[in-house]
Amino acid sequence: MKVNSAAAVERFIKRFLPAAGVCLLVMTAGIPAFASEEENRFVEGTTINHVVVSGDTLEEAKVRIESYFQDGYVLEIEDKEGNREEINGKEILYGLKITGSLAEVLEAENAAGRLSGPGFDNSYRVDAEVTYDEEGLKAKLGSLSCVQNAQPTENARISAYEEGKLFTILPEVQGTEIDQNRLLEAAKAALNEQRTLIRLEEEGCYKQITVTSDNAELNQLCGLMNDYKDITIIYTFGENRETLTGPDIVQWIAGSDGTELLVDEAKAAAYVKSLADRYDTYGKPHVYQTTSGREVTVTGSYGWQIDQAAETAELISLIKSHQSQTREPVYAKTAVSRDGYDFGNTYIEVDLKEQHLYFYENGTMIIDAPFVSGNVAKDWTTPPGLFTLYYKQTDKVLRGEDYETPVKYWMPFNGGIGLHDANWRGSFGGEIYKTNGSHGCINLPPAKAAQVYEHAYKGIPIICCD
């Protein structure tokens with residue numbers, strides 16, 4: 001900050017010079033000039049950036065100020081009771097370098113007649129560059145007794161859930177808790193301005209109550225929570241049940257807009273996701289025991305999948321309606337059963353290892369047949385997986401790069417791979433597929449293909465296992 005020397009001169013003139021200008025000239029003509037040595041030193045009572053520099057030259061004052069803040073600076077913290085604690089500058093590596101002009105201060109004092117004494121303010125501030133360890137400052141502030149031993153300030157709030165009891169309003173408490181962010185800001189400002197005292201109350205460092213027990217929104221929310229604490233929503237997943245109770249639901253209530261309850265959508269969505277994580281089977285591995293007795297794992301685009309966005313919206317709507325309910329979630333993908341195999345007990349098993357097909361209807365095997373799958377030697381191996389039948393069609397011509405084959409019964413389930421009759425083959429099963437297999441399809445004896453076609457339907461699960 002630059003010193004206004006003109007103002008200092010004006011103060012001098014008003015106090016000491018008479019109104020008559022002519023008399024002034026006559027009288028001042030006989031006054032000797034100040035000694036040059038005296039004019040090179042600051043007048044008695046001069047403070048710059050809160051450091052006394054009386055009688056110092058410019059260089060001496062610079063050294064004194066910078067040395068003080070590097071070696072002797074102490075920042076005091078005063079609480080509302082008047083108790084003080086100290087932070088020593090050395091503890092936070094505090095340092096200062098004068099960047100403003102000390103010469104302008106001296107010039108102003110000389111121009112004002114070098115006035116001093118109780119009636120004159122010879123305190124100045126010049127620009128300076130300060131340095132300190134900010135992390136060290138945070139640590140020191142955090143260790144202060146006024147911070148460590150503060151009594152918490154608490155807004156009025158709703159009591160915790162207790163079975164058989166109503167929610168109530170717990171009153172606010174004005175404590176001595178410190179807003180540590182505000183304290184840090186105040187401390188930084190004091191360091192930057194070379195001040196030596198912070199009064200916590202004046203700096204607004206105490207946390208204040210913002211919600212009182214007569215707050216209308218808080219009381220309305222308390223009433224809503226009492227209304228909703230006994231709601232129960234039960235989700236069914238076959239024989240399994242998931243129960244969402246009132247104590248859980250009230251944690252999602254964010255208040256009211258005056259006409260409608262506000263439910264925290266993120267919390268509702270997280271709950272629905274937890275259901276999906278436990279009960280979704282779509283695209284996940286399915287463990288299956290083959291007819292031959294092997295336990296295999298198959299994966300595919302089949303199974304249950306909760307529509308999480310739709311179910312979250314439904315759940316929020318249900319909570320707002322204040323109704324208990326037993327329900328199934330909204331599904332994006334569905335399967336046949338929630339108990340046992342999710343594809344149910346009507347399905348087609350295509351055992352690639354055994355080269356044999358089994359058709360189960362309501363848990364009873366109604367068809368079994370040998371087949372020939374994709375040619376392993378030519379890298380046309382039929383892939384395993386869990387699929388569903390796209391559709392079925394008679395009198396289809398199958399075409400590829402090097403073939404054009406008419407079939408009587410066509411039942412696709414995996415891209416261009418399907419079940420069909422193969423009247424050009426004289427035998428099926430065994431190891432034919434390894435060197436003389438198909439392009440990937442399941443070749444069936446014509447009579448067996450007709451039986452499969454008769455009982456199959458769009459969407460029937462097909463388990464290809466190896």
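Note: hydrogens, waters and symmetry copies are ignored here, and every other heavy atom, side chains too, is used.
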Residues that [X] engages under side chain to side chain donor-acceptor pair (under 3.5 Å), provided they are two or more places apart:
X      : answer
Asp79  : Asn83
Thr382 : none
His50  : none
Asp379 : none

Tell me yes or no: between the side chains of [X] and [Y], is some donor less than 3.5 Å from an acceptor?
X      : Y      : value
Ser373 : Gln355 : yes
Gln305 : Asp280 : no
Thr245 : Asp248 : yes
Tyr206 : Gln174 : no

Only counting residues at least two apart or in another chain, list the ones meeting side-chain contact (heavy atoms from CB on, under 4.5 Å) with Glu354.
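Per chain and number, Glu354 pairs via side-chain contact (heavy atoms from CB on, under 4.5 Å) with Ser292, Arg294, Asp351, His356.
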| With Arg157 via side-chain contact (heavy atoms from CB on, under 4.5 Å) - residues at least two apart |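 With sequence neighbours excluded, Arg157 shows a side-chain contact (heavy atoms from CB on, under 4.5 Å) to Glu154, Leu170, given in chain and number order.
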Is a side-chain donor or acceptor of Glu66 paired with a backbone partner of Ile98 at a separation under 3.5 angstrom?
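Yes: the side chain of Glu66 pairs with the backbone of Ile98.
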So ring-ring contact (aromatic ring centres under 6.0 Å, His included) across residues 289-309, not counting sequence neighbours, yields Trp304-Tyr331
Under the ring pair (Phe, Tyr, Trp, His ring centres under 6.0 Å) rule, collect the residues that match up with [X], sequence neighbours excluded.
X      : value
Tyr341 : Tyr288, Phe343
Tyr271 : Trp252
Tyr390 : none
Tyr360 : Tyr347

Check whether Tyr391 forms a cation-pi arrangement with Lys458 (NZ or CZ under 6.0 Å from the six-membered ring centre, at most 45° off the ring normal).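 Lys458 over Tyr391 ring: no.
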Could you please spell out the steps behind the salt bridge (Lys or Arg N to Asp or Glu O under 4.0 Å) verdict for Glu311 and Arg327?
CA-CA 11 Å; Glu311 181 53 35; Arg327 62 181 278 103; 2.9 Å; yes
List the atom pairs, donor and acceptor, that lie under 3.5 Å between side-chain atoms in residues 410-426 and the rest of the protein, sequence neighbours left out.
from	atom 1	to	atom 2	distance (Å)
His420	NE2	Asn443	ND2	3.2
Asp421	OD1	Lys408	N	3.0
Asp421	OD1	Tyr409	N	2.7
Asp421	OD2	Lys408	N	3.2
Arg425	NE	Asn443	OD1	2.9
Arg425	NH1	Asn436	O	3.1
Arg425	NH2	Asn436	O	3.0
Arg425	NH2	Asn443	OD1	3.4

Please work out whether the ring planes of Phe69 and Tyr94 are parallel, tilted or perpendicular, with thresholds of 30° and 60°.
perpendicular
Working note: Arg182 + Glu203, criterion salt bridge (Lys or Arg N to Asp or Glu O under 4.0 Å); need CA distance, chi angles, decisive distance, verdict.
CA-CA 8 Å; Arg182 183 70 194 98; Glu203 297 288 347; 3.6 Å; yes
CD1-OG1 distance between Ile249 and Thr232, expressed to the nearest 0.5 angstrom: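 The CD1 atom of Ile249 sits 7.0 Å away from the OG1 atom of Thr232.
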